[in-house]
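Input: a single structure, listed below in structure tokens.
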Amino acid sequence: KDDPLGYLGRLEAEMFRATLLVVDTGLHADGWTREQAIAYMVDATGMNESEVVSEVERYMGQPGQACAYKVGQLKILELRERARAALGSRFNLRDFHAVVLENGGVPLTTLELLVNDWISKNRP
């Protein structure tokens with residue numbers, strides 16, 4: 001909360017992920033070349049080309065990865081706020097993280113069921 005450098009780091013990470021969304025879309029929907037994607041990322045992030053190449057190449061081979069990552073992030077944040085609102089002072093972030101992680105990668109609909117069940121079991 002009171003860590004300006006941590007906040008700056010979070011913003012930098014969000015900008016990086018947003019840039020990957022643009023790169024993913026550019027490559028797979030707009031027909032960008034590898035070079036166009038690299039140039040965009042260098043310009044948008046300020047990273048050097050050698051840092052960007054592996055990211056662009058990974059997204060070349062995995063269409064939709066950036067979108068899937070963002071959709072998952074938004075769903076987890078939504079579920080966390082739902083749990084926080086439902087449980088109030090009984091909400092425990094560590095326990096929430098355990099529920100999200102304990103089954104490994106699951107479809108978001110399954111994750112939502114797991115979190116809803118956890119909320120029901122922990123309601124006051």
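In Glu81, the CD atom is crowded: over 12 heavy atoms of neighbouring residues, nucleotides or ligands sit closer than 6.0 Å. Remark: Glu12 CD is loosely packed, at most 12 non-hydrogen atoms of other residues, nucleotides or ligands lying under 6.0 Å away.
With hydrogens and angles disregarded, no donor-acceptor distance shorter than 3.5 Å links the side chain of Glu55 to the backbone of Val52. Between the side chain of Asp24 and the backbone N or O of Gln65 there is at least one donor-acceptor pair closer than 3.5 Å.
Closest heavy-atom contact between Val23 and Tyr40: CG2-CD2, 3.9 Å. Shown here for Arg90 and Asn122, the closest heavy-atom pair between the two residues is NE-O, 3.2 Å.
The shortest distance between side-chain heavy atoms of Leu20 and Phe16 falls below 4.5 Å. In this structure, the side chains of Arg80 and Leu93 come closer than 4.5 Å at one or more pairs of heavy atoms. The shortest side-chain heavy-atom distance between Ile119 and Leu79 does not fall under the 4.5 Å cut-off. By the 4.5 Å heavy-atom criterion applied to side chains, Arg82 and Asn116 are counted as neighbours. The shortest distance between side-chain heavy atoms of Arg34 and Val53 falls below 4.5 Å. Side-chain contact check for Val42 versus Met47: every heavy-atom pair is 4.5 Å or farther apart. Using a 4.5 Å cut-off on side-chain heavy atoms (C-beta onward), Lys70 and Leu21 make contact. Under the 4.5 Å side-chain criterion, counting only non-hydrogen atoms from C-beta, Leu113 is not in contact with Asp117.
Atoms CE and CG, on Met15 and Leu8 in that order, are 12.5 Å from each other to the nearest 0.5 Å. To the nearest 0.5 Å, atoms CG (Leu108) and CD1 (Ile76) are separated by 7.0 Å.
Shown here are the side chain to side chain contact (heavy atoms under 4.5 Å, CB included) partners of Asn92, two or more places apart in sequence or in another chain: Arg94, Asp95. Applying the side-chain hydrogen bond (donor to acceptor under 3.5 Å, both in side chains) rule to Arg17 yields no partners; only residues at least two apart in sequence or on another chain are considered. Every residue was checked against the ring-ring contact (aromatic ring centres under 6.0 Å, His included) condition with Tyr59, not counting sequence neighbours, and none meets it.
Ring-plane geometry between Trp118 and Phe91 is classed as perpendicular, the angle between the planes exceeding 60 degrees on a 0 to 90 degree scale with a lower cut at 30.
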